[in-house]
Amino acid sequence: MLSLNNAIKLKAKAPLLLHSFTLPTTKITLVFRSVSTPLNETALSLNTTTPNTIPFLRCRAAMTTAACVQVKEKIELTETEKKIFDRLLNTLRHFNLQTQLRVAGGWVRDKLLGKECYDIDIALDNMLGSEFVDKVQEYLSTTGEVAQGLAVIPSNPEQSKHLETARMRLFDLWIDFVNLRCEDYSENSRIPTMKFGTAEEDAYRRDLTINSLFYNINTNLVEDFTKRGLEDLKFGRIVTPLPPKATFLDDPLRVLRAIRFGARFDFTLDEELKKAAACDDVKTALAAKISRERIGTEIDLMISGNQPVKAIDYICDLTLFWVVFSLPPKVEPAVSEECYRLSAAYLDASWKLIQLIGCSNFDDEQRRLCLYSALFLPLRSAAYKDRKDKKIPVVNYIFRDSLKRKASDADTVMNIHKSLEKFLSLITSLLSNEDIQLTEVDWGREFDDVPFTSKLRVLTGFLLREIKDFWRVALLISTLLYPTGTECSQDIIDKHFQLDKRKNIFVSVDNAIVKLGLEKVWDLKPLVNGKDIMNVLQLKVGGPLVREWQQKALSWQLAHPSGTAEECLDWMKETHSKRIKME
């Protein structure tokens with residue numbers, strides 16, 4: 001690890017500066033492919049004036065097959081960004097501070113790609129972030145302005161968070177302030193000693209070259225101290241500034257960040273980076289050194305992103321699946337080591353099916369949890385026993401322990417999985433609009449009195465009331481298992497799940513449910529309440545019997561969509577009277 005500092009010192013000192021794209025005599029025409037619309041290409045002509053101003057634009061022979069992306073000539077600030085940077089520069093002038101203010105990382109990358117970014121991180125060359133925030137707050141008080149919020153997030157080297165971060169809110173945007181860093185490692189410690197560094201040292205400590213760019217607020221210039229950040233951005237490459245294994249061992253979360261950015265921008269992972277990411281030392285460090293919350297956050301960003309399948313494929317290819325989605329001990333039934341391939345296949349199928357059906361049918365949360373449901377579909381029957389010998393679903397463990405996600409995510413995905421067997425038993429009848437043929441699924445005693453001709457509407461209504469807004473997600477996942485309800489075969493995977501047929505099944509069942517008037521059935525208000533039921537049953541206190549009759553009354557209501565409260569009560573009295581006589 002000591003060699004990392006020496007590696008930085010060997011690099012040239014002057015950064016590449018991005019002012020404009022002008023050279024004197026040569027006219028260069030480059031073709032850029034848009035990341036957001038990969039099929040569209042536009043030609044950009046550059047009149048050049050200085051041979052060495054923008055070496056990152058030169059296409060080397062070895063790069064002729066690399067995809068190019070469109071990189072803007074200069075960073076264009078929004079009005080809000082101008083106001084923020086103006087306040088920061090005025091703070092420097094007010095206190096006569098000789099501080100260089102540089103926006104670091106993702107904001108610079110995204111602005112050069114023509115994307116808006118509201119995540120502004122500012123690096124300071126000669127003072128701590130908390131010290132500068134105090135100065136900004138003091139300056140604003142002299143102008144009658146007030147900072148909207150202040151916070152200091154302490155460093156936590158044990159979890160690879162080496163820097164204290166100060167935050168403040170300006171013009172409704174949170175701004176993070178940190179000092180430029182340099183790290184020294186001792187022979188016997190994985191935790192570095194932090195000290196102020198130069199912008200170049202800080203750039204080489206970044207996770208990726210495309211994230212190592214700075215925008216100098218003082219000079220209005222983009223600075224590329226690694227001398228390849230702009231080039232890698234243009235050619236769509238995911239590369240670490242320093243040797244990848246050392247970079248990942250420094251902060252193993254960078255492995256997942258490399259995967260996330262590679263998927264998000266459809267960039268190519270460097271071969272040496274992939275070898276390092278898959279090595280045992282890095283996998284061990286990722287499992288032991290990084291908090292599960294931080295791992296879960298990265299995974300959630302991938303699943304919520306624009307290329308979730310590509311991200312999970314990278315995780316699978318780099319043999320990181322079980323490191324990320326760690327399992328509890330003694331899982332029953334045992335999970336196959338190769339199960340992750342099936343998980344990836346279900347994720348791919350569900351993602352494509354969402355596109356075929358139409359993204360407008362699912363909001364962001366439904367889409368996110370649909371993809372998680374598909375990813376963990378092969379694990380839906382697996383369980384383990386906790387310390388109290390209670391049987392717990394493995395999916396619950398992955399969400400709550402492996403990824404440290406919120407409990408509601410685990411509950412929703414488990415409810416979707418739980419609903420699949422019932423949904424599968426209904427699909428054939430919903431497709432044919434015929435009377436339901438009951439299968440081995442146990443629906444419960446409350447449906448015994450339901451007329452046979454009404455059972456389809458009643459059972460479907462109860463199922464949708466269980467999963468509410470996520471019923472379309474459950475339907476989509478069910479179509480992947482239809483008709484057998486068992487795991488897909490390799491033959492089905494090879495045929496890409498015959499997604500056109502599954503889309504037709506989804507659309508037909510969806511239309512049938514809407515036609516039955518059940519689309520928002522969970523909002524249906526019961527015709528009778530607990531007090532009404534107690535009067536019919538002549539009970540003085542409530543209990544399980546009242547709950548049972550509430551379900552029976554709701555069944556009657558679903559079977560008789562035009563029925564009234566009086567008719568429901570009459571039916572209850574008659575049914576209760578018959579039961580008493582039989583007993």
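All values derive from a computational prediction rather than experimental measurement. Along the sequence shown, the residues carry numbers beginning at 1.
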Checklist entry - Is it the case that more than 12 heavy atoms not belonging to R547 sit under 6.0 Å from its CZ atom? => result no
Item to check | Within 6.0 angstrom of F171 CZ, more than 12 heavy atoms from elsewhere | outcome: yes
Next on the checklist: Whether R167 engages the ring of W174 as a cation-pi pair (distance to the six-membered ring centre under 6.0 angstrom, angle to the ring normal within 45°) should be assessed.
Outcome noted: yes
Checklist entry - How are the rings of F321 and F325 set relative to one another: parallel (under 30°), tilted (30 to 60°) or perpendicular (over 60°)? => result tilted
Checklist entry - What orientation do W322 and Y340 show, parallel under 30°, tilted 30 to 60°, or perpendicular over 60°? => result perpendicular
Item to check | Residue pairs fulfilling side-chain hydrogen bond (donor to acceptor under 3.5 Å, both in side chains) with at least one residue in residues 325-336, sequence neighbours excluded | outcome: S326-S402
Checklist entry - So K283 and T319, side-chain contact (heavy atoms from CB on, under 4.5 Å) or not? Walk me through it. => result CA-CA 9 Å; K283 288 193 285 189; T319 65; 2.9 Å; yes
Next on the checklist: Going by the rule ring pair (Phe, Tyr, Trp, His ring centres under 6.0 Å), which residues pair with Y314 if we only count those two or more places apart in sequence or in a different chain?
Outcome noted: none
[Y] versus [X], side-chain donor and acceptor atoms under 3.5 Å:
| X | Y | value |
| --- | --- | --- |
| D172 | Y118 | no |
| E81 | W107 | yes |
| R109 | N211 | yes |
| R368 | T412 | no |

Item to check | Test item: R457 side-chain N/O and S454 main-chain N/O as donor-acceptor pair under 3.5 Å | outcome: no
Item to check | Electrostatic pair K520:D469 at N-O distance under 4.0 angstrom | outcome: yes
Next on the checklist: Less than 4.0 angstrom from a charged side-chain N to a carboxylate O is my criterion; do R579 and E548 meet it?
Outcome noted: yes
